[in-house]
**Q** 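Take this structure first; my questions come after.
This is a predicted model, so every value here is computed, not measured.
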Amino acid sequence: GHNSGITFTPAAYEYWVGDAGSWSSLTQWASSTGGSSGSGRIPLPQDTAVFDGNSVFLNSQTITIDEPDLGFINTTLVQHNPAFNVIGVASNNTTNIWGNIVFGVHTWNATNGTIFTGRNNQLVNTAAVTLGGPVTLTNINSTFTLQAPLTVGTTLTLMAGTFNSGNYGIAAQYFDTSTTTYLRTLNLGSSTVTLSGTAAQTKWNVVSTNLTFPVNTSNIICTNSTTNAQNFIAGSLAAYNNVTFMGAGAYPMTITGSN
């Protein structure tokens with residue numbers, strides 16, 4: 001059937017106030033920078049959450065993200081290097097980000113993972129902030145585009161959609177795009193991807209089904225400072241540009257795939 005008479009809440013800018021606190025607390029949000037506590041709303045997925053010079057006044061402050069879905073996030077002007085602790089909700093302890101992000105100076109710890117689920121073109125500028133924990137890209141029929149180098153604490157996974165590196169450097173411990181359920185495009189351009197995980201597991205895991213991987217001029221560097229055996233699953237892709245195995249450890253690397 002057809003739906004009518006549905007009114008969607010317009011997008012808004014919501015401003016963090018009051019130093020440390022929980023994302024789900026209304027008292028942390030104002031409708032304008034430095035505004036009255038509670039005058040805003042807890043940001044909806046279509047909103048922009050702003051952290052600026054009127055958000056944090058003390059050092060060693062922790063902002064706890066205890067919501068499952070976030071929209072746009074702008075922390076470019078935040079002061080005093082706060083810690084963003086991402087805990088999501090009890091059901092899965094992960095957090096989805098639906099909008100663009102542009103970061104300033106702070107930390108971001110998401111032990112259970114950050115999931116980018118934007119539609120259309122999701123622009124991501126993490127500045128020099130490491131996204132602690134695993135990061136998963138589930139941009140179904142849409143594009144995730146870097147606007148600065150990306151550093152991921154553990155595994156970077158391309159689950160769906162197009163990953164555009166923007167030719168920026170990428171650092172993680174492991175990379176995975178082994179799903180075959182969704183269409184994926186891995187466009188690394190001239191980026192250098194450095195994978196530094198040391199565990200005895202697969203460092204690069206690619207399955208070519210439903211995957212487009214332009215060769216371009218990218219460089220993939222695998223390092224390991226231990227003797228733990230690792231795997232490089234190349235998939236049945238036509239070719240890679242440069243792949244380098246290096247590191248202080250004397251470790252066996254098993255390469256599989258028809259290339």
**Q** Are more than 12 heavy atoms, taken from residues, nucleotides or ligands other than Y182, located less than 6.0 Å from that residue's OH atom?
**A** no

**Q** Do N205 and Y174 come within less than 4.5 Å of each other through their side chains, counting heavy atoms only?
**A** no

**Q** Do N231 and T256 come within less than 4.5 Å of each other through their side chains, counting heavy atoms only?
**A** no

**Q** Does the side chain of V193 come within less than 4.5 Å of F175's, by heavy atoms?
**A** no

**Q** Show me the donor-acceptor pairs within less than 3.5 Å that the side chains of residues 147-163 make with the rest of the protein, sequence neighbours left out.
**A**
residue: T154; atom: OG1; partner: G133; partner atom: O; Å: 3.4

**Q** Evaluate the side-chain proximity of I220 to W204: yes if any heavy-atom separation is below 4.5 Å, no if none is.
**A** yes

**Q** What's the shortest heavy-atom distance between N120 and S142, and which atoms?
**A** O-CB, 2.8 Å

**Q** If we count only N and O atoms by modelled type, under 3.5 Å, do the side chains of W108 and T114 hold a donor and an acceptor together?
**A** yes

**Q** Check whether any side-chain heavy atom of F84 lies under 4.5 Å from a side-chain heavy atom of I63, and answer yes or no.
**A** yes

**Q** Tell me the closest heavy-atom pair linking K203 and Q230, and the distance in Å.
**A** NZ-OE1, 3.0 Å

**Q** Among residues at least two apart in sequence or on other chains, which ones pass side chain to side chain donor-acceptor pair (under 3.5 Å) with N219?
**A** N242

**Q** Can you establish whether the number of heavy atoms outside N81 located under 6.0 Å from its atom CG is more than 12?
**A** yes

**Q** Do W16 and T75 have side chains that approach each other closer than 4.5 Å (heavy atoms only, starting at C-beta)?
**A** no

**Q** Any side-chain heavy atom of T64 sitting closer than 4.5 Å to one from T62?
**A** yes

**Q** Is it the case that atom OH in Y13 sees more than 12 heavy atoms from other parts of the structure closer than 6.0 Å?
**A** no

**Q** Tabulate below the donor-acceptor pairs under 3.5 Å that side-chain atoms of residues 206-214 make, not counting sequence neighbours, or state none.
**A**
residue: N210; atom: ND2; partner: T180; partner atom: O; Å: 2.8

**Q** Using only atom types and a distance under 3.5 Å, with no angle test, would you say the side chain of D19 pairs donor to acceptor with the backbone of L58?
**A** yes

**Q** So S190 and N167, side chain to side chain donor-acceptor pair (under 3.5 Å) or not? Walk me through it.
**A** CA-CA 5 Å; S190 60; N167 301 319; 3.3 Å; yes

**Q** Any heavy-atom pair between the side chains of I170 and L188 that's under 4.5 Å?
**A** yes

**Q** Within the 3.5 Å criterion, strictly below it, is a donor on N216 or S218 matched to an acceptor on the partner's side chain?
**A** no

**Q** Among F103, W23, F72, exactly one meets ring pair (Phe, Tyr, Trp, His ring centres under 6.0 Å) together with F51. Which residue is that?
**A** W23

**Q** side-chain hydrogen bond (donor to acceptor under 3.5 Å, both in side chains) with N121: which of T143, N139, N100, T145?
**A** T145

